[in-house]
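Structure, as structure tokens:
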Amino acid sequence: MAPIELHLEIDADGTPLLDALADKSGLSRQRLKEALDKGSLWRTRGRNTRRIRRVKTALAAGDQLHFYYDRAILDR
């Protein structure tokens, strides 16, 4: 599978994190959970960018998600 790089902006408060990523990436929820656990997702809120590892992280309107998925790297 080719590497996936996504940059999404969240439209509404309370958008479930996995729903936002699953729709755009085409990956299963299990693969997304593994990728989050290994540090593949970053959130920008204002000027602050942080790695997100928890599936239950609350998202707010205006948050930007940066998702980097490369199966070969994550399997190491």
Using 0.5 Å steps for rounding, measure from the [atom1] atom of [X] to the [atom2] atom of [Y].
X   : Y   : atom1 : atom2 : answer
L27 : K33 : CG    : NZ    : 13.5 Å
T15 : D23 : OG1   : CG    : 10.5 Å
R31 : Y69 : CZ    : OH    : 4.5 Å
D37 : L32 : CG    : CG    : 12.5 Å

With a 4.5 Å cut-off on side-chain heavy atoms, are [Y] and [X] touching?
X   : Y   : answer
L17 : L36 : yes
H7  : Y68 : yes
L41 : L65 : yes
T49 : R43 : no
L21 : F67 : yes
L8  : H66 : no

Hphob cluster co-occupancy, I73 + L6, side-chain heavy atoms under 4.5 angstrom: no
Is [X] salt-bridged to [Y], cutoff N-O under 4.0 Å?
X   : Y   : result
E34 : R71 : yes
D63 : R45 : yes
D19 : K24 : no

Contact summary for [X] and [Y], nearest pair of heavy atoms:
X   : Y   : answer
D13 : A60 : OD1-CA, 3.2 Å
S25 : I4  : O-CD1, 3.9 Å
S40 : L74 : OG-CD2, 3.6 Å

